[in-house]
Structure formats: structure tokens, C-alpha cells
J.: 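Take a look at this one; I'll ask things after.
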Amino acid sequence: MKRLFCIGILFLLSFELFAQNQSIPPNEQGNWFFMFILGLLGGLTLFLYGINILSRGLQKSAGDKMRSIVSSLTRNNYIGLAVGAVVTAIIQSSTATSVMLVSFVNSKLMRYSQTLSILLGAAIGSTITVQLIAFNLSSYSFLFIIIGGFMTMFANKKQILYVGQAILGFGILFFGMELMSDAIAPIRQLPVFHTIFTALQNPFVGIFAGALFTVIIQSSGASIGIIIILASQGLLSLEGCLAFTLGANLGTPSTAIIASFNASIESKRVAYTMLFFKIIMCALFVWLIPVISHFADSIHTSWKDPTNLPRTIANAHTVFNVAVAILVFPFLHRIEKFIVRLFPEPAVVQKDVLTRYLDNSLIHQPAIALHLAKEETLRLSRKIQTNLEMVIVPFLKNSPRHLKTLETQRMKIKELRDEIHNYLLKINLNDQTRSSAEMLFTIEHTLMELSLINDALTRTLRRCAEKWIERNYEFSEEERAAITDFHANTVQLFSQAMQVFNEFTAADALRIKKNAKQLRNKKLLLEKQVYQRLFAQESIELNNSKTYVEIINMFKFIGEHANNIVQMKITS
């Protein structure tokens, strides 16, 4: 409600400024300048807010697609280029894509080498925003605001709400552009502003100004949108607009660089690779600005007319990024080596951290955050599987060597489980869509089953092993062979269950359910054989038999809870 109230105040203020700017005579310099600043800032606020709402709406509406997009990332650079372009075109922000890549690399979900082609694709996808802004749709801004507003207020589905937010942002964006254009219009007659904008005709001054402005407002699309407004008012020539556009591209990596400050060395490589691409762009095209301008003029004189400059600027922006992608793409491997040499691995050994994949900066992207939570859960399961493989050793070798490790791992796994659980709670607060809720419940259910398995291994079986070693018991050859085989079957069942959790294949789930039933039957058979040997009064120790039965019961318990993980797929 506070946000809606603020937007309402901005609308009222902007309308008032719009009306006043039409009636203020140019000779009232002091009052006019004050109103000019208010009109410019009011329009700029609405413009930036519109871009933000548009981007957030598109990101949320595309949230469920992000998981499949993330899973499609491969070593294939052609696919990476396409993925980068598509993702950025969907979420309307190359900055968001680059920050996302920094987070993925920092959480080891991706390797640095996979990101280079994606960054090139993101640069191409970001040109869509400027192409949209270049269309003169200010006359229809209220139509977009009305449609988007009604969809946002009366939507009964999340997807409709998000699309409505995107349309609302689109309308606010163009309305802010119109207000800025009206506020800027009177300054065309003032010599001081002519001096300022004449200075921007210098390519290097224009690049610096564009980069600085983009760093401040954290959006190259918004920066180029401002230039389009100035150009449409005849305040900037095509040469100045092209220089500022290059500068806006150069300032784009600033957010990713900031995001990488406390991240891993590979994350820093991602951020500075993006900067390296933009430096290549500026170095390549700064000398060609006069040539491009002359070429545009020779094709059609109206291209340099203020009313046609927006489309020319948008097209030039697209050409810049596409050309750099074409030129750089064949040399990605060499660029990777160069950046790795520029940012080598630190000499000091990094401290072990509790979590590897969880990233709080991606909580507002629930689909991606859930993907990270699933990866962390799989990492947790691998630790438990290591304990499962290890737990049989003390019984077979009468050695306490692994008991301390099992005890230590118990608390570490518990702490990691709690971290994942808390992360899932944060995701739930940010998104309550049906698909996200199902995935969240699946992970929570798996965590609960893994916790029970971990307790069976590191508490019950560990204590049983301590007594076994203390009393120096030994299995007979027949028991040793049987329990080794039963343990191997349990390990295999657990591993298969986690594969189903990872890949979510119903056919495998049904197969594992069948394996779990066979394991239960095998357990009953082994118990029966023990009591048959006791009844036959064979040379078998009673205490050995009790421990033997307890172990196979615990392995059966582990198998049942592994099967419970699989049941989530069968019942969904």
C-alpha cells in the first residue's frame, strides 16, 4: 500500500508539473529552472520505476521457465549464446543476468568457462529493451497503465498478476519519458545547455558521461532511454548519442563487479569478463562514430532528423552488441585463458564453508533459489551416502577408525540440513505459487527422510559398532558375506533414490519401489536363517546374532526411508 501511495503522489506531482511547464514564460528563469528540475526528476523516477516494474513482472512470470533454462546450460558455446540472449530478453536486464551468473559461479552451480558465451548472448538480449523504448508509444501510455493496473488489482492468478505488472511498468515507463520530454523541451533555447551538450559531442566525453550515468542508475537501458529523449528534442546529434550509448554499455558491468566483491575468484572473472567485452566494444567503435554517422546520413538524410534518431540509436546499440559477439565468439577460449591469468587462483587455501550452493541474493528468484536448494540437498545426500558406505567397516574389521568421523559428521549434516530448511522458509515467504510449493514440499520431505537416515547411521549404528568393537565380537563367514551383500543393496537403493529426486523420473521411481520390496523380503529371509541356525544349535554366539539382526534391521530401515523419498514422485 505504501508503494501504491507513493506512485499516486508521483502521478499527481507529475501532472501538476506538466500543466505548469506549459504556462511558465521562459524569462522567469529562477522559477522555471526549479520546475524544470522537479519535472525532470519526477519523470525520471517514473521512468526508472516503470523499467523496474516491467523487469520484475517479466522475471516473475518467467520464473518457472528459469529452472529449465538453468538446467540447459552446457559447455556448448552456441547454446550458451542463445540462452544468454533468451534469458535477458525475457527478464529485460543484462545486469540481472550477469549478477545471476556471478551467483551461479560463486555457488559452484556453473563453471566460469560456461559463462563467456552467455554473457555475449546477454548483451544481445539487452538490446530488446532499447528497441522497445525507441518506439514512440507515449500516446498509449495511459492505455498500458489502465490495462496493467486492472490486471494487477483484480488478477486471481499469479501469472496474470505478473503479466499485469509488466504491462503496468511498460505504461509507466513511457509516461515518465513523456514527462521528461516535456520538462526538457524549454531548455533548447538556453545557451548554457547548448554548451553542455556540445561538450558531449566529443566521443570520449560522451563515453565517460554515459558510463558514469549508468553506474549511478544501474541500468544501461534507462541511460539510453534518456539519450533518446534528449535526441528527440534536438539537444544531441547522432555522434553524441552513439558515444553516450557506448558509455552506457561500458557502465553496465558495474553491478556485477560490485556483486563479486565478496565472492570467489571465478565470480570475479565473470564480472570482469563482461567489462572486458564492453571495453572491446568501446575501443572498436569509438573511432567509427563519424563513419557510422556519415553512413546513416548517406543512406537517408531523415535518419539524422530528431524525430527519427530514437530508432537509429536503438539500431546502432543492437549493431554494437551483435558485432562484438560475432568478433569475439571465435576467441572465447583465448579470452578465458587471458582472464584466468589476469585473476589467478589465490595462494591461500579457502576455508571450508557449510553451504556451497545456497545464495540469499537469489531468494527473489524462487525457481532458481529452489534449484539451488535442491543442489544443496543432493550435496547433503552425498555426505550421508559416504557415511552409509563407511558404517559397515567397524563391524567387519573390528576397527574404531571411522567411529569418530561418523560422530563428527552427524552434527555437520544436521547443521547443513537446518541451513537448507531455513533457506526454503525464505523462499516460501517470497513465492507461494503452486509449482514452487510442490517443489518446496518435495525438498522438505526429502530433508526429513535424510535426517532419519543420518540418525540411524551416526547414532544407532555407531553406538552398536562401539559395543561390537569393545566386546570383540566377530561374524561367521556366512554372516559376513550375507551382511556385506545386504549393505551393498542398501547403498545402491539409497543412491538410486537420490537419482530419482534429482531427475524426477516416474519410471525409475516405480523400479526402485520394487527394489525396496525385494530388500524387505531379503531382510526377512536373513532373519529367518539366523533363527534356523540357533534352533539347530550350530556354533553361533547369541550376542553376535542379536547384533547381526539389529544391523540388518537398520539397513532395512534406511532402505524404507530411501523408498519414501521415491514415493513423492509416484504420488505427485
Side-chain angles (χ1 to χ4, degrees), residues 60 62-73 104 107-109 157-159 354-360 362-385 388 413-457 490 492-517 557-572:
K60 289 180 179 178
D64 292 334
K65 299 182 184 69
M66 297 303 289
R67 191 183 303 119
S68 61
I69 291 173
V70 169
S71 64
S72 70
L73 298 175
F104 285 170
S107 61
K108 302 188 186 307
L109 193 62
K157 293 182 179 179
K158 290 283 186 181
Q159 196 68 18
L354 185 61
T355 63
R356 178 179 296 174
Y357 299 107
L358 304 187
D359 191 335
N360 286 318
L362 293 173
I363 287 292
H364 64 283
Q365 300 265 4
I368 298 173
L370 283 169
H371 185 85
L372 296 176
K374 189 180 85 168
E375 289 294 328
E376 198 70 61
T377 304
L378 287 168
R379 176 171 171 257
L380 173 69
S381 73
R382 288 192 289 271
K383 290 179 177 290
I384 292 175
Q385 182 167 336
L388 177 57
I413 289 172
K414 184 177 181 298
E415 290 172 3
L416 180 55
R417 179 206 65 192
D418 291 342
E419 285 291 327
I420 300 172
H421 173 71
N422 293 334
Y423 191 73
L424 291 172
L425 290 178
K426 294 176 185 176
I427 297 172
N428 189 46
L429 292 174
N430 281 271
D431 182 62
Q432 296 179 350
T433 58
R434 182 177 178 180
S435 58
S436 295
E438 290 176 356
M439 179 66 173
L440 192 146
F441 177 70
T442 299
I443 298 175
E444 282 280 20
H445 172 79
T446 302
L447 284 175
M448 180 184 69
E449 299 296 339
L450 289 175
S451 181
L452 292 172
I453 293 172
N454 184 57
D455 280 345
L457 290 169
T490 306
Q492 183 181 24
L493 180 64
F494 179 84
S495 177
Q496 290 173 341
M498 295 315 301
Q499 287 175 9
V500 170
F501 169 75
N502 184 27
E503 300 169 6
F504 295 101
T505 55
D508 288 340
L510 292 171
R511 178 172 52 82
I512 292 172
K513 183 181 180 181
K514 182 179 178 181
N515 292 346
K517 184 178 180 180
F557 173 86
I558 292 168
E560 287 176 343
H561 285 283
N563 185 52
N564 288 343
I565 296 172
V566 175
Q567 292 302 308
M568 286 298 300
K569 178 58 185 177
I570 298 174
T571 56
S572 62

J.: Would you say the side chain of M439 lies within less than 4.5 Å of the side chain of I443, judging by non-hydrogen atoms?
T.: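 When only atoms from C-beta onward are counted, M439 and I443 do touch, with a gap below 4.5 Å.
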J.: Evaluate the criterion side-chain contact (heavy atoms from CB on, under 4.5 Å) for residue pair K374 and T377; output intermediate values, then yes/no.
T.: CA-CA 5 Å; K374 189 180 85 168; T377 304; 5.5 Å; no
J.: State, with a plain yes or no, whether a side-chain heavy atom of K414 is found less than 4.5 Å away from one of S451.
T.: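 No - every pair of side-chain heavy atoms lies 4.5 Å or more apart.
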J.: Verify, without hydrogens or angle tests, whether H445 (side chain) and L440 (backbone) share a donor-acceptor contact under 3.5 angstrom.
T.: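 Answer holds: no.
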J.: Taking all heavy atoms of T490 and all of G559, pick out the closest pair and write down the distance.
T.: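 In terms of heavy atoms, the two residues are closest at CG2-N, 4.3 Å.
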J.: Would you call L425 and H421 a side-chain contact if the rule is heavy atoms closer than 4.5 Å?
T.: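 They are in contact (side-chain heavy atoms under 4.5 Å apart), so the answer is yes.
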J.: Search all heavy atoms of A497 against all heavy atoms of A562 and return the closest pair with its distance.
T.: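 Nearest heavy atoms, A497 then A562: CB-O, 3.4 Å.
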J.: Does the side chain of L447 come within less than 4.5 Å of L380's, by heavy atoms?
T.: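 The answer is yes, as the side chains (C-beta and beyond) meet within the 4.5 Å cut-off.
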J.: Quick one: do T442 and I565 satisfy side-chain contact (heavy atoms from CB on, under 4.5 Å)? Show the steps, please.
T.: CA-CA 8 Å; T442 299; I565 296 172; over 6 Å; no
J.: Hey, mind stepping through S381 and F501 against side-chain contact (heavy atoms from CB on, under 4.5 Å) and telling me if it holds?
T.: CA-CA 10 Å; S381 73; F501 169 75; over 6 Å; no
J.: The criterion is side chain to side chain donor-acceptor pair (under 3.5 Å); which residues satisfy it with Q492, sequence neighbours excluded?
T.: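 With neighbours one apart ignored, the set is empty.
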J.: Is the backbone N or O of Y357 less than 3.5 Å from a side-chain atom of E376, with the two atoms forming a donor-acceptor pair by type?
T.: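 Side chain of E376 to backbone of Y357: a pair is present.
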J.: Nearest 0.5 angstrom please: E444 CD to E449 CD, how far?
T.: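 Nearest 0.5 Å value for the CD-CD distance: 12.0 Å.
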J.: Does the side chain of L388 reach to within under 4.5 Å of the side chain of I558, using non-hydrogen atoms?
T.: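 Of all side-chain heavy-atom pairs linking I558 with L388, at least one is under 4.5 Å.
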J.: For F557, which residues count as a ring pair (Phe, Tyr, Trp, His ring centres under 6.0 Å) partner, sequence neighbours excluded?
T.: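 With sequence neighbours excluded, F557 shows a ring pair (Phe, Tyr, Trp, His ring centres under 6.0 Å) to H561, given in chain and number order.
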J.: Is any side-chain heavy atom of L450 closer than 4.5 Å to one of R417?
T.: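 When only atoms from C-beta onward are counted, L450 and R417 do not touch, as no gap falls below 4.5 Å.
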J.: If I take atom CD1 from residue I453 and atom CD1 from residue I384, how far apart are they, to the nearest 0.5 angstrom?
T.: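 Between I453 CD1 and I384 CD1, I get 6.5 Å after rounding to 0.5 Å.
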J.: With side chains defined as the heavy atoms from C-beta onward, is the minimum distance between T355 and I420 less than 4.5 Å?
T.: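 T355 does not reach I420 side chain to side chain.
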J.: Using only atom types and a distance under 3.5 Å, with no angle test, would you say the side chain of N422 pairs donor to acceptor with the backbone of D418?
T.: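 Indeed, once roles are kept as given, a pair shorter than 3.5 Å links the two residues.
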J.: Quick one: closest heavy-atom pair of A373 and Y423, and the distance?
T.: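 That would be CB-CD2, 4.1 Å.
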J.: So, do R379 and L416 sit near enough that their side-chain heavy atoms are less than 4.5 Å apart?
T.: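 In contact.
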J.: Taking only residues two or more places apart in sequence or in another chain, which ones pass side chain to side chain contact (heavy atoms under 4.5 Å, CB included) with E415?
T.: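 L354.
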